[in-house]
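Everything on this sheet refers to the single structure shown next.
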Amino acid sequence: MIPLSFYLGLAALLFSIGLYGVMTHKNGIRMIMCIELMLNSANLNLVAFSSYTNTLDGQVFALFSIALAAAEAAVGFAIFMAIYRMHDNINLDELNILRW
Amino acid sequence: MPIEIPEFIIPLLPWIRGTVGLLLVGFIFIAAMGAVWLERKLSADIQSRMGPCRVGKYGLLQLVADAIKLFTKEDLRPLNADSLLFNNANIFMISSVLLMLVAIPVGAVFINGVEYPLAVTQMDISVLYIEAMSAISIFGIFMVAYGSNNKYSLLGAFRNFARMVGYEVPLGLSVVSVAVMTGSLSIVEISRAQGLLWNIFLQPIGFFVFFVSLMADMGRLPFDQNESEEELIAGWITEYCGMRFGLGFFAEYIHMILGSFLVALLFLGGWNVPSFVANNPVLGLIAPTGFLLVKTVFVLMVIIGLRWAVPRFRIDQVVDLSWKKLLPLALLNLVWAVALGLYLGA
Amino acid sequence: MLPVASLLILVPLIFAAVTFFTKTKKQAAGLGFLGSIATLGLTLYAYLNFDSSTAAMQFFESIKWIPSLGVNYSVGIDGISMPLILLNSIVIPFLILYSWKEDRDAPNRFYGLILTMQAAVIGVFVALDFLVFYIFWELTLIPLFFMVNIWGGEKRVHASYKFFIYTHVASLIMLLGIFGLFYASWQQTGAPSFDIRELVAQFQFFESSLLRDAIFLSIIFGFLAKLPVFPFHSWLPDAYTEAPTAGSVLFILLKIGGYGLFRISLPMLPNTGSPELIINMLGLLGAFSIVYGALVALRQKDLKRMIAYSSLSHMGFVVLGSAGFIALSVSGAMFQQFSHGLIMSILFMSAGAIQTTTGTRIINNLGGLAKRMPKLTVLMMVGFMASLGLPGLSGFIAEFLVFTFSYVNLPGFVLFALLAIVITAGYHLWAMQRAMFGVYNAKVGDISDINSLQVFSMGVIALLVIYFGWNPSPVLNMMITNSEAIVSLGAAVGV
Amino acid sequence: MPPMTMFMVKHLSPRSKAAGKYTTYESGSVPTGTARIQFNVEYYLYAIAFVIFDVEVLFLYPWVTVYKGHGITSIAVIEMFLFVFVLLFGYIYLWKKGALTWVK
Amino acid sequence: MLLAPEIAVVATALIILLIGAFMSPRTKNVLGYLATLGVFAALVLTVQSLGTEAVMFYNTVSIDALSQFFKLVFLAVALIVSVASIKYNENSDHTEEFYCLVLFATFGMMGVASANDLILLFCAFELASLATFALAGFEKQDARSLEGAMKYFIIGAISSALMLFGISFVYGATGTTRIPAIAENAAFLAQNPIGLVAIVLLIAGFGFKMALVPFHMWAPDAYQGSPSVVSSLLAAGSKKMGFVAAFRVFILALPALQVDWQLAFTILAAVTMTFGNVVAVSQTSVKRMLAYSSLAQAGYIAMAFVVMTPMALTGGIFYTLAHAFMKGGAFIATAAVVWMVTSQKTGDLITPDHLDNFKGLGKKMPLAALSMTVFVFALAGIPPTAGFMAKLLLFSSTIEAGMAWLAVIAVLNSALSLFYYARLVRYMYFLPPDGKKIGMPFQYAAALLIAVAGVLVMGIWSEPFLQWAMDAAQVLA
């Protein structure tokens with residue numbers, strides 16, 4: 001058996017990478033990808049815990065969260081599409097009408 | 001008369017399984033070559049021409065010649081192609097089919113009436129696994145197309161994407177409908193459950209949906225919009241030449257064979273044989289696998305034959321077919337299957 | 001019996017609501033007048049049915065409102081509130097008459113706000129539940145804020161916000177004190193209640209003297225800032241000066257700070273941790289306000305500002321009288337509130353009239369107005385004389401009572417405050433001399449006297465000032481009855 | 001395996017350098033424009049529809065294995081049909097809105 | 001049927017979606033009335049089932065006073081929003097989508113309110129979030145709407161990832177996702193640093209939704225950019241969802257870690273209310289101002305987590321309902337003004353919610369101005385409105401708990417808030433109008449009247465509401 005801490009470490013690493021990516025990237029699509037990474041690292045956690053605690057909740061949770069992540073990405077892409085049509089790019093730095 | 005299994009074999013079982021796996025890979029490669037040959041021959045027959053006949057008896061060695069040709073061709077890569085994507089796309093395509101292969105039992109042996117499926121692994125969720133793995137190849141195709149930096153390729157990939165997206169759903173639904181009957185996602189279980197009645201008779205709609213979706217999934221005519229030689233100059237594979245092309249081509253044929261196995265396993269009763277055959281020490285070893293292979297080859301021939309029986313659909317027709325016809329049919333079939341499963345189970 | 005206490009709130013409120021929807025100035029002023037007259041009638045009814053020989057609550061009504069918090073809608077009138085209600089009801093009709101002929105934007109809102117204000121102030125006076133009390137307390141802010149903000153002078157925005165934020169913060173701190181009182185009593189009795197009299201009575205049973213002090217101080221802070229007295233007064237000159245005449249008069253009628261002092265703080269005072277210290281502090285504040293207000297008024301060039309500071313000085317008497325903590329000194333403080341309301345109304349009306357006719361309030365730019373405006377001059381004289389405490393006018397009675405009886409407990413502060421009498425006389429006479437008499441200042445231009453309605457309204461109030469100067473007993477009697485009740489609480493503890 | 005193959009190819013196949021060979025293929029003419037073209041919006045709509053229904057199938061898979069034999073058969077079947085039924089609304093809506101039609 | 005309200009909402013949404021697809025744009029106005037009817041039915045059903053308690057679906061759904069109360073809150077908001085949206089969606093081709101999203105968002109919020117399981121909680125939370133993401137960007141031709149939606153989406157998605165990660169730790173340490181079971185097994189979480197990590201992640205996740213500083217960045221943009229009716233839903237509904245989720249997760253599931261999250265909320269509450277009020281003062285866009293004031297209000301409500309006495313919880317819960325009416329109504333009034341500006345083509349068209357466009361509103365749209373006045377006074381906590389009662393409960397309980405310093409901060413803040421609220425009133429009543437009187441669309445009028453009625457009734461006849469809130473707080477105690 002692989003120790004639980006390996007899974008947790010991996011999940012934490014992926015999560016951090018995702019968070020870092022969201023913080024640093026300006027491109028909307030990349031941000032969505034990074035967010036997906038974060039969500040999936042959480043799923044990894046859930047599944048790992050599920051198998052180590054011998055309960056099924058975690059796996060069920062992961063299943064639901066995968067579905068929600070997909071829906072979230074869909075909504076996100078829809079918003080970005082609309083933005084792209086208006087601005088011809090999805091660089092978040094250039095969206096700054098709403099400030100103060 | 002039962003055969004004694006010697007004690008010393010038991011610790012060796014993992015090794016045996018490994019060997020079987022390796023053999024399977026080899027077998028499937030040879031089979032893929034065979035499928036190419038079969039396709040050429042069959043096509044020729046349908047069109048009343050000879051097909052390959054020079055190299056070897058009935059042109060059997062044509063494939064070897066082709067392979068040599070591909071190996072010695074220059075590996076061209078357009079200057080403005082993205083090398084990372086372009087070079088590594090093959091890995092995805094090949095690994096997709098190989099990973100699928102791992103879970104597909106290509107037959108079974110009965111020893112003392114006990115069934116031993118010939119698969120590298122036996123997982124509980126093999127159907128789901130196979131579907132998931134088969135979806136990997138789309139990454140390969142998209143990587144090639146995007147990496148080639150060629151409009152034809154990209155268009156091909158777009159179409160491929162639209163088509164895969166459309167057929168993945170009916171495919172999944174029809175697989176679920178089959179699985180509903182047995183309450184299991186294991187291929188072995190599913191095929192075992194068809195001892196009395198094949199699923200094709202229980203769920204004709206499901207079979208239709210599955211078969212069509214599978215064809216689309218494999219990119220076989222009439223669903224080869226991603227290649228469509230006439231309009232897109234082989235589509236996604238335009239810039240691929242030499243052995244790169246060869247590998248992609250190879251993967252497609254393996255995919256086709258595995259697809260045929262799936263049809264045979266899920267709908268055509270798998271390797272089920274009457275119990276007297278299974279209990280017979282000799283027939284039990286040979287007959288189930290033979291049965292399955294016969295069915296598979298039959299399916300393969302149907303698939304190849306269909307290439308010449310129907311014209312290629314336009315992409316909008318393809319998409320319409322999946323979303324507006326197959327999906328409702330698949331849902332209908334799901335309802336039917338649940339009802340039937342409950343009825344038969346009760 | 002009519003439910004007078006509720007009606008006194010409702011009638012002006014309803015008239016205010018209707019007035020907001022009137023179209024013309026005539027309708028607005030007429031309705032406003034009608035409403036205030038109706039209120040006056042109710043007040044007189046209440047006054048006539050009032051038994052001034054008892055300190056008990058009269059016209060008491062109580063309805064359950066939020067049982068789970070122990071909140072009731074309970075109102076009533078006693079000798080503390082009756083004179084103040086009377087003051088309000090008397091002055092406001094004349095205030096409306098006074099401004100009858102003025103032209104201004106949005107008259108419907110103007111008169112509507114006046115009536116709202118009246119309702120809110122009376123609401124504070126009759127409320128016997130802390131929540132009701134606080135609601136009306138806050139409600140008084142809104143009309144005054146808009147009064148200053150819309151119809152005020154040049155610096156109206158600044159003044160209105162300053163007034164608003166100052167007093168709002170103060171009343172919020174008071175609210176926190178009320179919360180403290182509420183919870184402490186809840187713990188004490190096990191039942192929530194917002195009843196003012198009950199909470200005030202419970203106050204003495206709280207164990208922690210720190211808690212009692214904190215509650216007392218935060219509540220009295222709200223009152224002192226509203227009153228105002230010296231350190232908390234800085235909103236006053238701006239607001240009083242920038243407000244339109246009617247607004248200034250409304251400020252004058254806003255006697256809720258002093259009322260709160262009598263109703264809530266004084267009964268609690270003997271039970272604080274160190275009542276002596278607090279009495280001394282209050283005495284100091286009062287005396288200092290008297291002197292400080294007078295001194296600052298002395299050097300004002302602006303007539304209205306001068307009156308504003310003199311008002312601060314007068315408010316010092318209220319605090320000093322309260323701090324005296326003897327029945328008669330407290331009654332003096334109460335009477336000071338009452339008479340101050342009348343006197344200052346005249347003065348602000350006069351100052352307003354001068355400003356509208358001459359276009360300036362700077363005393364140095366005026367001069368010899370008596371020749372052109374004799375009626376105004378006479379009325380203003382009455383106001384000034386009353387304000388400086390001339391015997392025979394109502395101001396004298398109040399100041400006399402405060403000085404004489406506070407001396408018993410706080411001799412030092414009273415002696416100090418006596419200084420102010422001289423100063424007050426000085427600046428009043430000086431201003432009178434410069435503005436009304438002396439050489440006619442040609443720069444003022446050709447001016448005419450105040451109109452007859454203004455004469456009438458100011459005249460009636462001036463007559464009242466004189467009347468109460470000779471015969472204060474109609475209101476003083478009930479004040480004394482209640483003061484005795486308050487002070488007797490202190491006697492029990494030995495203060 | 002593919003890298004291995006390509007390694008072999010590298011050593012087996014001939015090399016000749018000619019500039020024309022390395023250009024992008026465009027039916028013989030000189031390539032024009034960039035191939036980094038945008039997705040057509042239709043693809044996007046299909047992708048969304050795919051997400052919806054693939055998720056549906058995703059939920060069906062585990063359901064398949066448990067709905068029988070745990071004493072919950074009837075309620076499980078009803079709930080799954082409810083789920084599919086709700087999605088059916090979405091499907092009809094998509095169809096009606098023309099999201100499933102290639103050319104609009 | 002205890003789930004009847006939810007079923008009513010979902011069924012209405014599905015029916016609208018279905019028949020809307022078959023209708024021509026001109027007849028689609030009917031859908032708005034249909035949605036209103038559905039929400040109203042759900043409201044009635046909820047009121048009817050008040051006082052019942054049940055645990056359903058293998059302990060995942062808990063119907064108790066808390067969930068019923070918050071369902072009331074959400075349904076009230078949905079009612080106001082759907083009535084007002086009838087006008088907003090007039091002649092729109094996307095009416096059915098709009099209502100469907102509103103109803104699904106409401107459904108999600110209701111799900112969060114009655115979640116007894118973290119899986120359900122997360123799913124419902126996300127359902128509501130997703131629907132509101134789409135709603136925030138509903139004006140596809142408006143750069144502001146899109147920008148707001150995008151910021152809202154990005155930050156919302158991050159927050160849900162943080163939340164999920166936090167939940168995974170909670171699950172890992174306790175081996176269950178059922179809230180009562182977590183509370184029983186949380187001892188390990190309390191001793192382990194993993195508990196702290198989970199708390200931080202969860203606070204970040206919920207804090208985004210509640211728009212607590214420093215997780216508030218999206219709120220002003222999303223509130224300003226979205227169509228006003230949607231801002232109303234966001235501020236009045238979606239924000240409350242964050243609170244009810246936090247109530248469920250922190251107070252019911254993680255009492256073992258109370259010390260930790262209480263400290264965090266203390267700081268967050270104080271900072272949030274101060275920041276919100278200070279920044280709101282300088283805003284010229286009314287919606288943005290309301291957004292910052294909404295931040296401040298979130299800070300007040302968060303005090304309930306700090307004080308945690310039954311009275312404070314009652315106050316916090318009561319506040320959510322009051323705030324739903326006040327802020328929801330205020331945004332609807334803004335919607336009416338935006339409608340006026342865009343349909344009359346007068347005033348500042350680029351920012352239709354600019355303060356200048358409110359000049360003389362008392363003359364141009366008396367009802368809008370009057371109700372806006374009621375709302376802002378209520379937000380400022382001036383009696384006799386719902387806002388006053390709410391603040392009364394909340395601030396007084398802070399005193400009770402001996403946290404006078406927090407009460408003083410809160411009280412000073414609410415004094416400060418009067419500053420910008422009064423400015424708005426001054427603009428509406430005391431500055432000259434730049435146009436003629438305009439007939440108010442009755443849909444906006446109806447929505448405003450509902451909200452005004454809510455604000456006043458809750459302020460004047462607060463007893464029943466207080467009782468409900470007390471019952472709900474009982475669940476948390």
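What you are looking at is a predicted structure, and each value in this text was computed from that prediction instead of being measured. Below, chains carry the letters A, B, ... as their sequence lines are ordered, and counting in each starts from 1.
- Within residues 79-89 of chain D, the residues having any heavy atom under 4.5 Å from a heavy atom of chain E are, by residue number, D:E79, D:V86, D:F89.
- A salt bridge links E:E96 with D:K97: at least one charged nitrogen is closer than 4.0 Å to a carboxylate oxygen.
- The environment of CZ in E:F40 is sparse: at most 12 heavy-atom neighbours from other residues, nucleotides or ligands sit within 6.0 Å.
- Inter-residue side-chain proximity for D:I92 and E:F22 is flagged as met; some heavy-atom pair is nearer than 4.5 Å.
- By a heavy-atom distance cut of under 4.5 Å, E:F57, E:Y58 are the residues of residues 54-64 of chain E near chain D, going up by number.
- Checked against side chain to side chain donor-acceptor pair (under 3.5 Å), E:D117 has the following partners two or more places apart in sequence or in another chain: E:T177, E:R178.
- Under the side chain to side chain donor-acceptor pair (under 3.5 Å) criterion, E:Q68 pairs with E:S49, E:K71, not counting sequence neighbours.
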